[in-house]
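Note that the structure is predicted; figures quoted are calculated from it, not measured.
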Amino acid sequence: AEDCRVTDCRFVNSGGSGLRLDLHAQRNRIANCELAHLGEAGILLAGYGPGTKDVNHHNDSINNYIHHFSEITWHSPGLWAWQSGHNRMIHNELHHSGYSAVLITTRVEPDRILNEEGGRTIRQHEIAAEDKNRRRGGYESWKTREKYNHARHNLFEYNEISHSVQLLSDGNGIYVSGTGRGNIVRYNYLHDNLAHSLPSAIRCDDDQHETLIYGNVLYNNAGFSAGIASKGVNDIINNFIVAPAVVPRSGYISFEWAPVTGSKAERNIIMSHPKGGKAYAERLRRGTRAEDGPKLIETDMDQNLYFHPTDSHWMDEHLLKMQAVGKEKESLFGEPLFVSPEGGDFSFRPGSPALALGIEPLDVTRMGRVDDCSLPIRDGSRFAAKDHYPRFTWDRIPLYMHIRKAKSYTGEEIAYLAKFPLVTFEKANGHQDHGSVEAGTLTAARAVKQINPNATILYYRNVMVHYGGYAANKGLG
């Protein structure tokens with residue numbers, strides 16, 4: 001499936017999943033849909049199992065309302081990218097899940113035997129001989145296996161999640177586990193996830209590395225184990241953990257099982273439950289020696305803001321320990337002075353110590369579904385992208401081709417141009433072989449669109465300089 005659009009549809013009261021983009025699926029878009037009261041998942045992006053075949057990618061799930069799913073198969077998530085990468089999941093609202101609301105996963109290593117979890121999905125003929133028996137074993141081992149894990153470079157941002165893990169346990173609001181690099185979990189609002197069986201609102205689990213967790217607001221969540229948990233080298237930056245409903249057993253931010261050397265924990269705000277608890281944890285796997293586990297002193301930790309409503313010395317021991325090794329030198333204890341957390345306003349009042357630390361205020365009104373997906377322009381007007389416009393995100397700025405050639409393009413040249421999302425055919429294109437710039441441009445544009453129907457083609461005519469070769473020139477005085 002390529003270049004398909006599913007927009008303004010309702011998928012409700014089904015025993016199965018709402019939408020599944022299976023195996024080969026690229027540049028598809030699911031937008032403004034409701035997916036509700038489903039027996040299984042809301043939207044599932046499922047590529048091929050671990051191997052070298054990577055053909056499920058660059059799909060969009062935008063502004064969808066996904067709720068009351070997993071009603072029959074309880075472990076089904078609302079959004080799931082399994083072995084699927086470079087996808088954008090933006091401005092969705094998810095609530096009432098049996099298990100995790102969102103999964104970005106592989107969780108299958110090349111050494112997995114046939115009848116173990118995911119063992120039958122492994123494309124054994126594509127696994128290099130030296131990797132077949134390579135077991136999970138931390139960051140360096142993961143780097144050699146990452147090439148088989150294709151749920152990488154996914155962007156999950158501006159979403160809203162509540163009431164997750166209603167039926168099972170060991171699930172999370174957002175769960176990224178055992179897969180590829182470059183996943184971004186950013187600007188999401190997780191609130192009122194109050195199930196007693198919820199371990200954490202956001203978790204990077206089981207050999208997950210190079211994930212960015214940035215700018216998320218966690219408000220009024222249970223999280224019996226942690227607020228944010230990380231088993232691997234991941235960055236946790238500018239997140240707000242506010243009004244936790246319980247004291248987590250581990251820590252509000254928990255580094256777990258594996259070494260986390262080089263992980264960033266910066267510019268976060270942690271507001272303690274009235275009964276306290278630890279801000280951070282160094283959680284060991286059972287049977288693991290302390291020297292082989294995570295160590296806070298090996299992270300890059302600074303410019304964080306901590307607050308306890310009654311204990312002004314809550315963080316003294318932690319700060320003393322970390323500052324002795326050159327960490328947390330600028331971090332502070334103090335009231336963040338949010339305008340109105342209970343009203344959803346997490347901006348800062350004047351005098352907030354967060355401003356001095358360079359912490360970015362977060363606006364939850366931009367998180368979740370939006371009625372108006374347009375973007376503001378400086379002159380006061382708004383820009384609304386349409387389906388035929390080229391794909392764009394600041395996270396991966398697309399390449400653009402601006403080109404001219406007086407003669408016809410070769411087949412090889414056309415194939416190369418078709419790789420670009422946006423092509424402008426400049427003056428002089430093809431006029432020597434086709435009689436005019438217009439005819440030459442149309443011939444080239446049709447050839448590109450034949451290979452890549454999703455490409456946007458712009459026609460060029462200079463209104464300042466009178467260039468020759470245009471058929472339209474014959475009608476000019």
Side-chain angles (χ1 to χ4, degrees), residues 1-50 55-108 117-118 120-121 150-151 154-156 159-179 183 188 193 195 368-369:
E2 295 184 356
D3 304 301
C4 299
R5 299 288 184 269
V6 181
T7 57
D8 300 298
C9 295
R10 298 183 73 234
F11 300 86
V12 298
N13 302 320
S14 169
S17 295
L19 281 165
R20 177 171 177 142
L21 302 183
D22 211 17
L23 303 179
H24 185 115
Q26 299 174 19
R27 301 181 306 279
N28 302 294
R29 182 180 177 88
I30 303 166
N32 304 313
C33 294
E34 181 181 10
L35 304 101
H37 294 290
L38 303 172
E40 296 184 340
I43 298 172
L44 170 58
L45 311 176
Y48 286 87
V55 293
N56 195 302
H57 50 74
H58 290 93
N59 301 290
D60 289 345
S61 298
I62 310 292
N63 212 49
N64 297 294
Y65 185 31
I66 308 171
H67 62 97
H68 295 93
F69 44 91
S70 60
E71 292 188 327
I72 297 175
T73 307
W74 289 357
H75 60 268
S76 303
L79 274 170
W80 189 1
W82 185 81
Q83 284 289 82
S84 179
H86 298 272
N87 303 296
R88 299 191 305 164
M89 295 166 274
I90 304 173
H91 283 304
N92 300 286
E93 179 182 353
L94 302 98
H95 63 79
H96 287 91
S97 62
Y99 178 58
S100 295
V102 177
L103 300 180
I104 300 173
T105 63
T106 298
R107 291 183 55 84
V108 184
E117 178 188 356
R120 293 179 181 270
T121 70
H150 303 310
N154 289 291
L155 176 62
F156 185 80
N159 301 285
E160 180 179 0
I161 297 173
S162 66
H163 301 89
S164 59
V165 197
Q166 297 286 297
L167 299 172
L168 292 175
S169 62
D170 200 27
N172 308 273
I174 302 171
Y175 186 56
V176 186
S177 181
T179 195
N183 290 298
N188 300 289
N193 295 284
R369 289 183 297 150

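- Using a cutoff of 4.0 Å between basic side-chain nitrogens and carboxylate oxygens, R369 and E160 are not scored as salt-bridged.
- With hydrogens and angles disregarded, a donor-acceptor distance shorter than 3.5 Å links the side chain of S84 to the backbone of N56.
- Within the 4.5 Å cutoff, the side chain of V102 has heavy atoms near those of the F156 side chain.
- Atoms CE and CD1, on M89 and I174 in that order, are 9.5 Å from each other to the nearest 0.5 Å.
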Handout entry: Working for side chain to side chain contact (heavy atoms under 4.5 Å, CB included), residues I43 and I66
Key = CA-CA 9 Å; I43 298 172; I66 308 171; 4.1 Å; yes

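- A distance-only check finds no donor-acceptor pair linking the side chain of H57 to the backbone of H86 [under 3.5 Å].
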Practice task
Could you check N87 against H58 for side chain to side chain contact (heavy atoms under 4.5 Å, CB included), going step by step and ending with a plain yes or no?
Solution key: CA-CA 5 Å; N87 303 296; H58 290 93; 5.5 Å; no

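- Within the 4.5 Å cutoff, no side-chain heavy atoms of C33 are placed close to those of T7.
- The closest side-chain heavy-atom distance from N193 to I161 is below 4.5 Å.
- The distance from atom CD of Q26 to atom CG of L45, rounded to the nearest 0.5 Å, is 12.0 Å.
- Scanning both residues, R88 and D60, for their nearest heavy atoms gives NH2-OD2, 2.9 Å.
- Looking at W80 and S100, their side chains never bring a donor and an acceptor atom within 3.5 Å of each other.
- Atom OG of S14 is separated from atom CD1 of I72 by 8.0 Å, given to the nearest 0.5 angstrom.
- Closest approach of Q83 to H150, counting heavy atoms only: OE1-N, 2.7 Å.
- Ring-plane geometry between Y175 and Y99 is classed as perpendicular, the angle between the planes exceeding 60 degrees on a 0 to 90 degree scale with a lower cut at 30.
- Considering only heavy atoms from C-beta on, L155 comes within 4.5 Å of I90 through its side chain.
- With contacts defined as side-chain heavy-atom distances shorter than 4.5 Å, the pair S70/L38 does not qualify.
- Checked by atom type and distance alone, the side chain of W82 pairs as donor or acceptor with a backbone atom of T106 at under 3.5 Å.
- In this structure, I30 and L21 have side chains that are in contact, with non-hydrogen atoms separated by less than 4.5 Å.
- To the nearest 0.5 Å, atom CG of residue N172 and atom CG of residue L103 are 9.0 Å apart.
- Here I62 contributes atom CD1 and R29 contributes atom CZ; the two are 5.5 Å apart, rounded to the nearest 0.5 Å.
- Using bins of under 30°, 30° to 60° and over 60° for the plane-to-plane angle, the ring pair H68/H95 lands in the perpendicular bin.
- Side-chain contact check for S61 versus L79: some heavy-atom pair is nearer than 4.5 Å.
- Applying the side-chain hydrogen bond (donor to acceptor under 3.5 Å, both in side chains) test to N183 and every residue at least two apart in sequence or in another chain returns N154.
- Closest of all the heavy-atom pairs between S164 and A195 is O-CB, 3.8 Å.
- Ring-plane geometry between H37 and H67 is classed as perpendicular, the angle between the planes exceeding 60 degrees on a 0 to 90 degree scale with a lower cut at 30.
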Problem - side chain to side chain contact (heavy atoms under 4.5 Å, CB included) evaluation trace for L23 with Y48 - result: CA-CA 6 Å; L23 303 179; Y48 286 87; 3.7 Å; yes

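- Between N64 and L35 the shortest side-chain heavy-atom distance falls below 4.5 Å.
- A donor-acceptor pair under 3.5 Å is formed between the side chain of S97 and the backbone N or O of V165.
- The two atoms that bring A151 and A81 nearest to each other are CB-O, 3.9 Å, heavy atoms only.
- Here the straight-line distance linking atom CZ of F69 with atom NE2 of H96 works out to 10.0 Å at 0.5 Å rounding.
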Practice task
Please test L19 against L44 for side chain to side chain contact (heavy atoms under 4.5 Å, CB included), starting from the C-alpha separation and ending with a verdict.
Solution key: CA-CA 6 Å; L19 281 165; L44 170 58; over 6 Å; no

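- Proximity of a side-chain donor or acceptor of S17 to a complementary backbone N or O of A41 within less than 3.5 Å is detected.
- The two residues H91 and G368 make their nearest non-hydrogen contact at ND1-O, 2.9 Å.
- The main-chain N or O of N159 is never found under 3.5 Å from a side-chain atom of N92 such that the two would form a donor-acceptor pair.
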